[in-house]
K.L.:
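Just passing along the structure, written as structure tokens.
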Amino acid sequence: MSAITTFEEFNLNRQLLNAVSDLGFQQPTEIQQKSIPIILGGQELIGIAQTGTGKTAAYLLPVLMKIKYAQGTEPRAVILAPTKELTIQLAEHAKLLSKYTDIRIQAIYGGIGPKTQIENIQQGVDILISTPGRFTEIYQKGELPVKQVKILVLDEADRMMDMGFMPQLRKIFEVLPRKRQNLLFSATFPEKVEKLSAEFLEFPIKVEVTPQATAAKQVEQELYHVPNIKTKINFIEYLLKNKEDFNRVMIFTRSKENADNVFNFIERKHLGPVRVIHSNKGQNSRINAVNEFKEGKLRVLVSTDVTARGIDVVKVSHVINFDVPILYEDYVHRIGRTGRAFQDGKALTFVNRAEEYHIEKIEKLIREKIPEKSIPEEVVIEKTSFEEKQAIAKDIDDRKRRDDPTFKGAFHEKKASNKKVEKKADKKKEYSKADAKRNAFNSKNKAKADKRSGRKAADDKKYKGKTR
Ligand code: ADP
Ligand code: MG
């Protein structure tokens, strides 16, 4: 089969082709070229391609083609995505592509009462786009007919199958008709997730445009060693003073607290317009912030990893990682908010000493070294506060101990050398030596056991440790 280079060559109807042309898509992207014929052919698919390469249309077009027109009242295709912002965006995309058809598309998500959404479902839906939570909630109320579902898409599939969502997903699989076509898409798809997907996929075809976790090639990455939060803030101020280049910026932080702090600072310094998104923000506030950012009303959007995945905003000039994400895959997704649809973009990552450890892991994941740059001279380097120093030292120790359970660590040694505690500690030491041995032994065994059961202890910790 010769390579497909135009949309006309797919087996799509005129209505869809006209919509594609209205969107200004001239050529199918590689993931679209490879996936569309397979999905039209009825096969299950795992689609892996870099961020911003049109994975959405790669499944929406063939799904719309198969759904064809409005029929009955019950949904025939379900698309699941991890956040409400993404379900809304996917529905918008689907509506644009189906505008010359009568296909009914409905997004449902949490944060607001289910009443209106239930009424909408009752009026008839062909393609339902949902978060797992809201899907389950409405299903349990007996208000979600699922018998007609023939296609299931998991967008951001690896995120959907992580420990936060998988139990819920399994329940959804149970209620959906067994005979259905499953389609999984993401830019990252670790091996252990692929193994997990064997639970419900039947002979899937894997389309891998680039190996999983390849960073988008249009994104120029830069790494800066920044010793502490205060200096990170100074650096942000310095960068945002350059209004011409830094015209549409997403800043990611690991914690809600940092997101709020960065947001407050930017607002106080009049470097916005700026808004902030995290899981404690109300439904309206979150959706409005994304909309305003998409409409170009905001210069800066500060956010935790809730918006790291899927959100498609054109011409984001820069992504700034105020800190390093705990889930390493999220690095790929964060920086992938820029450099979308053939545009260029820049991603700057700030790391303190404790975070260097994570950067090494991220570099391993993306199979490239992030070029290091030095902080411009104009940025004032602040002294690290006592608390932050302690936190950084503790963090480094914790990591090392995780890698080597017998590791004692500089941070804890220092504590123990404090004279006053020493006496009391002496007695304890005997116990704690034995404890340490036992712990080391246990954790070694646990690691073995975990390995055997296919789950690594580190993953539990990783999951527990994440705040979004
Ligand atoms: P991904 O899911 O791979 O990260 P998206 O599906 O969100 O990427 O698409 C990224 C952007 O590219 C969107 O704005 C989309 O409209 C645009 N796009 C998709 N397909 C094409 C195409 N064939 N030509 C041009 N732009 C496209
Ligand atoms: Mg996507």
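Keep in mind that this is a model prediction, so the values were computed, not measured. Counting convention: from 1, in listed order, for ligands and their atoms alike.
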K.L.:
Salt-bridged, K232 to E355, with N to O below 4.0 Å?
P.N.:
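Answer for the salt bridge query: yes.
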
K.L.:
With side-chain hydrogen bond (donor to acceptor under 3.5 Å, both in side chains) as the test, would you mind laying out the steps for Y331 and Q221 before giving the verdict?
P.N.:
CA-CA 11 Å; Y331 176 82; Q221 304 172 59; 2.6 Å; yes

K.L.:
Return yes if a side-chain donor-acceptor contact under 3.5 Å exists between H333 and D305, otherwise no.
P.N.:
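Result is no, nothing qualifies.
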
K.L.:
Determine, considering heavy atoms only, which of I48, V313, L96, D312 sits nearest to atom 11 (C) of ligand 1.
P.N.:
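Shortest heavy-atom distance from atom 11 (C) of ligand 1: D312.
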
K.L.:
Considering distance alone, does some N or O of G54 sit under 3.5 Å from an N or O of ligand 1?
P.N.:
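Looking only at distances, the answer is yes, because the N/O contact criterion of under 3.5 Å is met.
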
K.L.:
Is there a polar contact, in the sense of an N or O pair closer than 3.5 Å, between T56 and ligand 1?
P.N.:
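Indeed, backbone or side chain, T56 has an N or O that close.
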
K.L.:
Just need the protein heavy atom nearest to atom 4 (O) of ligand 1, so name the residue and atom and give the distance.
P.N.:
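Of every protein heavy atom, G52 N, 2.7 Å lies nearest to atom 4 (O) of ligand 1.
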
K.L.:
I need the contact type for Q32 against ligand 1. Using non-hydrogen atoms and a strict under-4.0 Å cut-off, is it side chain, backbone, both or neither?
P.N.:
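Just the side chain.
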
K.L.:
Enumerate the atoms of ligand 1 whose separation from the nearest heavy atom of Q27 is less than 4.0 angstrom.
P.N.:
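Those atoms are 22 (C), 23 (N), 24 (N).
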
K.L.:
For ligand 1, is there an atom lying under 4.0 Å from some heavy atom of F185?
P.N.:
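False for this residue.
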
K.L.:
For ligand 1, is any non-hydrogen atom under 4.0 Å from F7's backbone (N, CA, C, O), its side chain (CB onward), both, or neither?
P.N.:
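For F7, the contact with ligand 1 is made by the side chain alone.
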
K.L.:
F342 heavy atoms, cut-off 4.0 Å: which ligand 1 atoms fall inside?
P.N.:
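Those atoms are 24 (N), 25 (C).
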
K.L.:
Considering the heavy atoms of Q50, write down every atom of ligand 1 situated less than 4.0 Å from one of them.
P.N.:
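Listed by number with element, the hits are 3 (O).
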
K.L.:
Out of all atoms in ligand 1, which are within 4.0 Å of some heavy atom of T53? Include the element for each.
P.N.:
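By the 4.0 Å cutoff, the relevant atoms are 1 (P), 3 (O), 8 (O).
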
K.L.:
Flag the pair E360 and K364 as a salt bridge only when some basic side-chain nitrogen lies within less than 4.0 angstrom of an acidic carboxylate oxygen.
P.N.:
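The answer is no: the pair does not qualify as a salt bridge.
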
K.L.:
Measure the spacing between CD1 of I375 and OH of Y238 and express it to the nearest 0.5 Å.
P.N.:
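The OH atom of Y238 is 11.0 Å from CD1 of I375, to the nearest 0.5 Å.
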
K.L.:
Taking non-hydrogen atoms only, is K55 closer than 4.0 angstrom to ligand 1 via side chain, backbone, both or neither?
P.N.:
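It is both backbone and side chain that touch ligand 1.
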
K.L.:
Quick one: do the N228 and T231 side chains pair a donor with an acceptor below 3.5 Å?
P.N.:
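There is such a pair between these side chains.
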
K.L.:
Return the closest protein heavy atom for atom 12 (O) of ligand 1 as residue, atom name and distance.
P.N.:
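That would be A341 CB, 3.2 Å.
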
K.L.:
Please identify which atoms of ligand 1 are closer than 4.0 Å to at least one heavy atom of T51.
P.N.:
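This gives 4 (O) as the contact atoms.
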
K.L.:
Between Q343, R340, Q26, which one has a non-hydrogen atom sitting closest to atom 7 (O) of ligand 1?
P.N.:
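That would be R340.
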
K.L.:
Is it true that E85 and R286 make a salt bridge, defined as a side-chain N closer than 4.0 Å to a carboxylate O?
P.N.:
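A salt bridge is present here (some side-chain N lies under 4.0 Å from a carboxylate O).
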
K.L.:
Ligand 1 and Q89, any nitrogen or oxygen pair closer than 3.5 angstrom?
P.N.:
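Not met; the criterion fails.
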
K.L.:
Do D323 side-chain atoms and R254 backbone N/O form a donor-acceptor pair below 3.5 Å?
P.N.:
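Present.
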
K.L.:
Before you tell me yes or no, could you show the steps for K99 and D22 under salt bridge (charged side-chain N to carboxylate O under 4.0 Å, His left out), namely the whole-Å CA-CA distance, both residues' side-chain angles and the distance that decides it to 0.1 Å?
P.N.:
CA-CA 10 Å; K99 68 179 188 187; D22 285 0; 2.7 Å; yes

K.L.:
For S197, run the side chain to side chain contact (heavy atoms under 4.5 Å, CB included) check against D158, L154, L184 and tell me which one passes.
P.N.:
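Result for side chain to side chain contact (heavy atoms under 4.5 Å, CB included) with S197: L184.
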
K.L.:
So how far is it from K256 NZ to K281 NZ, rounded to the nearest 0.5 Å?
P.N.:
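One gets 11.5 Å once the value is rounded to the nearest 0.5 Å.
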
K.L.:
Among the heavy atoms of A49, does any lie under 4.0 Å from an atom of ligand 1?
P.N.:
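The answer is no, since A49 has no heavy atom less than 4.0 Å from ligand 1.
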
K.L.:
Is there a polar contact between ligand 1 and F25, counting only N or O atoms under 3.5 Å apart?
P.N.:
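By distance alone, the answer is no.
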
